[in-house]
Amino acid sequence: MSEVFEGYERQYCELSAGLSKKCTSASLLDGEQKKQKVSEIKVGLDEAESLIRKMDLEARSLPPNVKAVLLAKLREYKSDLNNLKSEVKRIASSSLNQAARDELLESGMADAATVSADQKGRLLMSTERLNKTSDRVRDSRRTMLETEELGVSILQDLNQQRQSLLHAHGTLHGVDDNVGKSKKILTNMSRRMSRNKWIIGSIVAVLILAIILILYFKLKK
């Protein structure tokens, strides 16, 4: 697993959690305070989007089996970022109508219980989003660990195959040495047989010559 990708991923998760909290607090603010908080959140969204682009580039430079896992995680992070953008747009849109809401509140047309329930709903929604983000981070960490275990298993298998090949190579080398020695022995035996043939032939020739000479002298007498 890429350490560079893990670094970007850690930064994004921390930034996403912080942005979620800021969205929750921004929804409770009014006027200029809300505008300032929304501006801070937008800067954080730009930074988060930059981190996702960096993770995407890093993931695509890795081997196919690792790249597929990381790209799947990236799709979740992109979805999370889109949800944050939608939340910021909703908060910014509500900020534009803040003056009208203030007038309604002043005129007594707004119900305090309804506003409280709406704020409670937003807090619950933000808390749920944080919990989902934490679950995705845990799932991503588990997937990463499983991928690392698979990589270690593959390396062990490759090492065993390498040892087997080295053993087979050593065996073949020993067989080759034995074949070479046997060839030398056969060559020496062949040479000895050839030499013995010449010796036996010479002896036979000398005996035949001796017999011929003996017969010649006997017939001459």
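Scope of the values below: all heavy atoms of this structure, side chains included, with no hydrogens, waters or symmetry mates.
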State the [atom1]-[atom2] distance between [X] and [Y], to the nearest 0.5 angstrom.
{"X": "R75", "Y": "D80", "atom1": "CZ", "atom2": "CG", "answer": "15.0 Å"}
{"X": "L209", "Y": "I214", "atom1": "CG", "atom2": "CD1", "answer": "10.0 Å"}
{"X": "E9", "Y": "E3", "atom1": "CD", "atom2": "CD", "answer": "13.0 Å"}
{"X": "K54", "Y": "E49", "atom1": "NZ", "atom2": "CD", "answer": "12.5 Å"}
{"X": "I91", "Y": "I41", "atom1": "CD1", "atom2": "CD1", "answer": "5.0 Å"}
{"X": "E87", "Y": "S27", "atom1": "CD", "atom2": "OG", "answer": "7.0 Å"}

same_hphob_cluster([X], [Y]) at 4.5 Å side-chain heavy-atom cutoff:
{"X": "I200", "Y": "I208", "answer": "yes"}
{"X": "L62", "Y": "L71", "answer": "yes"}
{"X": "M193", "Y": "I185", "answer": "no"}

For the residue pair [X] and [Y], what are the closest heavy atoms and their distance?
{"X": "K37", "Y": "A26", "result": "CG-CB, 3.3 Å"}
{"X": "N65", "Y": "V69", "result": "O-CG2, 3.6 Å"}
{"X": "S2", "Y": "E58", "result": "OG-OE2, 2.7 Å"}
{"X": "A48", "Y": "L15", "result": "N-CD2, 3.4 Å"}
{"X": "L28", "Y": "T24", "result": "CG-O, 3.5 Å"}

Output, in order, the C-alpha distance, side-chain angles, deciding distance and verdict of side-chain contact (heavy atoms from CB on, under 4.5 Å) for E32 and K35.
CA-CA 5 Å; E32 291 298 325; K35 291 181 180 180; 3.9 Å; yes

Are E76 and K73 close enough for a salt bridge, meaning some N to O gap below 4.0 Å?
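No.
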
Do D177 and K181 meet the salt-bridge criterion of a basic N to acidic O distance under 4.0 Å?
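No.
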
Any heavy-atom pair between the side chains of M55 and L70 that's under 4.5 Å?
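No. Closest side-chain heavy atoms not under 4.5 Å.
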
Does any non-hydrogen side-chain atom of R53 lie less than 4.5 Å from one of L57?
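A side-chain contact under 4.5 Å is absent here.
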
Please say whether more than 12 non-hydrogen atoms of neighbouring residues, nucleotides or ligands are located less than 6.0 Å from CD in E40.
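Count over threshold, so yes.
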
For the pair [X] (side chain) and [Y] (backbone), establish whether a donor and an acceptor sit closer than 3.5 Å, ignoring hydrogens and angles.
{"X": "Y12", "Y": "I52", "answer": "no"}
{"X": "S50", "Y": "D46", "answer": "no"}
{"X": "S93", "Y": "K89", "answer": "no"}
{"X": "S20", "Y": "S16", "answer": "yes"}

